[in-house]
**Q** 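Pasting a structure below so you can have a look.
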Amino acid sequence: MITEKGTIKTSTPLTLQVHKELNKKVFAFSILYIVAGAMLLALGIIIYVLSGDFYVNSSGNVMSICGMIILAGGIVILSAVRSAKNSNLKYQKVDEAEFFRDHFMAYEYTDGELTTTSKIYYNRIIRIKETANYLFLYNTKATAIAVDKNSLPLSELNTVRMLLGRPVAGAAQDTVQVPDQTENENKEE
């Protein structure tokens with residue numbers, strides 16, 4: 001929505017859907033590791049048993065050990081993703097973002113209380129991940145601010161995309177002018 005200051009502001013509740021879209025690749029890799037590790041472990045055991053020589057280091061031993069390591073890694077990654085999801089869903093968290101010309105303000109609310117405020121310049125965003133329903137703006141390698149694309153009209157979403165240096169969807173001229181924060185501060189004085 002466009003605020004009285006002329007900025008674009010959005011609010012995104014951090015729900016199960018947000019976590020699924022954010023961690024989709026990590027979840028897929030953990031399943032892949034579990035399956036590959038289990039297959040390698042089974043193949044190593046079959047080779048070990050079929051060789052008949054239980055006391056000599058064989059390729060079956062190496063495959064079994066590698067399979068166990070990969071399987072354990074997949075299980076650890078999967079449990080870490082689930083643990084992070086469960087700990088974040090204990091609380092009602094909401095990410096708010098207010099977009100200005102050269103930066104955006106990020107606010108995090110936990111159970112209705114403002115817990116974090118950050119001013120992030122667009123050129124300092126490490127990574128932008130766009131999914132079907134969300135924009136994830138990484139201000140560090142491990143943390144992302146979620147922006148619900150469905151909460152914004154196309155013109156405002158295109159303006160946010162332009163501010164972030166992303167390609168716009170639909171008509172390129174369908175954008176909104178966003179003021180600089182210093183312009184608003186001067187008007188208030």
Side-chain angles (χ1 to χ4, degrees), residues 1-33 77-78 80-82 84-89 91-110 112 114-188:
M1 87 172 144
I2 297 179
T3 66
E4 63 278 350
K5 295 182 277 185
T7 61
I8 297 174
K9 193 170 189 178
T10 182
S11 181
T12 305
L14 300 181
T15 61
L16 182 61
Q17 181 65 28
V18 174
H19 289 281
K20 281 183 178 179
E21 288 194 34
L22 179 62
N23 296 312
K24 190 178 200 176
K25 284 185 182 177
V26 176
F27 180 76
F29 277 124
S30 68
I31 298 299
L32 179 69
Y33 279 26
I77 293 169
L78 182 64
V81 167
R82 287 190 175 168
K85 176 191 70 170
N86 291 338
S87 68
N88 283 330
L89 292 178
Y91 307 102
Q92 290 182 339
K93 290 189 175 188
V94 175
D95 277 353
E96 280 188 0
E98 186 172 7
F99 295 92
F100 295 90
R101 187 168 295 152
D102 63 342
H103 70 280
F104 72 98
M105 297 295 294
Y107 308 99
E108 181 180 80
Y109 293 88
T110 304
L114 179 64
T115 54
T116 306
T117 302
S118 302
K119 180 178 183 177
I120 303 163
Y121 289 93
Y122 298 124
N123 62 357
R124 294 190 181 152
I125 294 175
I126 294 174
R127 187 176 95 156
I128 300 170
K129 178 180 175 183
E130 187 166 354
T131 64
N133 299 309
Y134 301 98
L135 283 169
F136 295 104
L137 311 175
Y138 286 82
N139 57 334
T140 69
K141 288 184 179 183
T143 58
I145 291 103
V147 176
D148 186 1
K149 294 182 345 183
N150 298 323
S151 69
L152 294 171
L154 183 61
S155 62
E156 293 175 25
L157 180 59
N158 281 338
T159 301
V160 169
R161 283 182 173 138
M162 283 179 29
L163 292 169
L164 296 170
R166 310 268 307 163
V168 297
Q173 67 271 14
D174 194 18
T175 59
V176 177
Q177 282 294 103
V178 177
D180 191 11
Q181 186 177 24
T182 55
E183 292 173 11
N184 288 328
E185 289 172 355
N186 293 337
K187 288 179 184 176
E188 292 173 3

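Just so it is clear, the model here is predicted, and its values are computed rather than measured.
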**Q** Any idea how Phe99 and Tyr122 line up, ring-wise: parallel (<30°), tilted (30 to 60°), or perpendicular (>60°)?
**A**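 Parallel.
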**Q** Sequence neighbours left out, what passes side-chain hydrogen bond (donor to acceptor under 3.5 Å, both in side chains) with Tyr138? Give chain and number order.
**A**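 If we apply the side-chain hydrogen bond (donor to acceptor under 3.5 Å, both in side chains) test to Tyr138, skipping adjacent residues, the hits are Arg127.
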**Q** Relative to the ring of Phe100, is the ring of His103 parallel (under 30°), tilted (30 to 60°) or perpendicular (over 60°)?
**A** parallel
**Q** Find the distance between CZ (Phe104) and CD (Glu96) and round it off to the nearest 0.5 Å.
**A**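 Nearest 0.5 Å value for the CZ-CD distance: 13.0 Å.
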**Q** Mind checking salt bridge (Lys or Arg N to Asp or Glu O under 4.0 Å) for Glu108 and listing every partner two or more places apart, or none if nothing turns up?
**A**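 Salt bridge (Lys or Arg N to Asp or Glu O under 4.0 Å) check on Glu108 returns nothing, list empty.
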**Q** Are the side chains of Ile77 and Val26 in touch, meaning some heavy atoms are under 4.5 Å apart?
**A**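 The answer is yes; the side chains approach within 4.5 Å.
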**Q** What's the separation between atom CD in Glu156 and atom CZ in Arg161, rounded to the nearest 0.5 Å?
**A**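 Rounded to the nearest 0.5 Å, the CD-CZ separation comes to 13.0 Å.
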**Q** How would you list, by chain and number, every residue that makes a ring-ring contact (aromatic ring centres under 6.0 Å, His included) with Tyr33, sequence neighbours excluded?
**A**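 Listed in chain order: nothing, the list is empty.
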**Q** Where is the tightest heavy-atom contact between Ala144 and Leu22, given as atom of each residue plus distance?
**A** CB-CD1, 4.5 Å
**Q** Stepwise, does the side-chain contact (heavy atoms from CB on, under 4.5 Å) test hold for Ile145 with Leu135?
**A** CA-CA 8 Å; Ile145 291 103; Leu135 283 169; over 6 Å; no
**Q** Taking only residues two or more places apart in sequence or in another chain, which ones pass side-chain hydrogen bond (donor to acceptor under 3.5 Å, both in side chains) with Asn139?
**A**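 If we apply the side-chain hydrogen bond (donor to acceptor under 3.5 Å, both in side chains) test to Asn139, skipping adjacent residues, the hits are Thr143.
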**Q** Please say whether more than 12 non-hydrogen atoms of neighbouring residues, nucleotides or ligands are located less than 6.0 Å from CZ in Arg166.
**A** yes
**Q** Quick one: list whatever passes side-chain hydrogen bond (donor to acceptor under 3.5 Å, both in side chains) with Asn133, sequence neighbours left out.
**A** Glu21, Asn150
**Q** Determine the minimum heavy-atom distance between Tyr109 and Gly112, stating which atoms define it.
**A**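 Answer, listing the atom of Tyr109 first, then Gly112: CD2-O, 4.0 Å.
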**Q** Quick check: closest heavy atoms across Leu89 and Leu14, and the distance to 0.1 Å?
**A** CD2-O, 3.8 Å
**Q** Report the residues that fulfil side-chain hydrogen bond (donor to acceptor under 3.5 Å, both in side chains) with Gln92, sequence neighbours left out, ordered by chain and then residue number.
**A** none
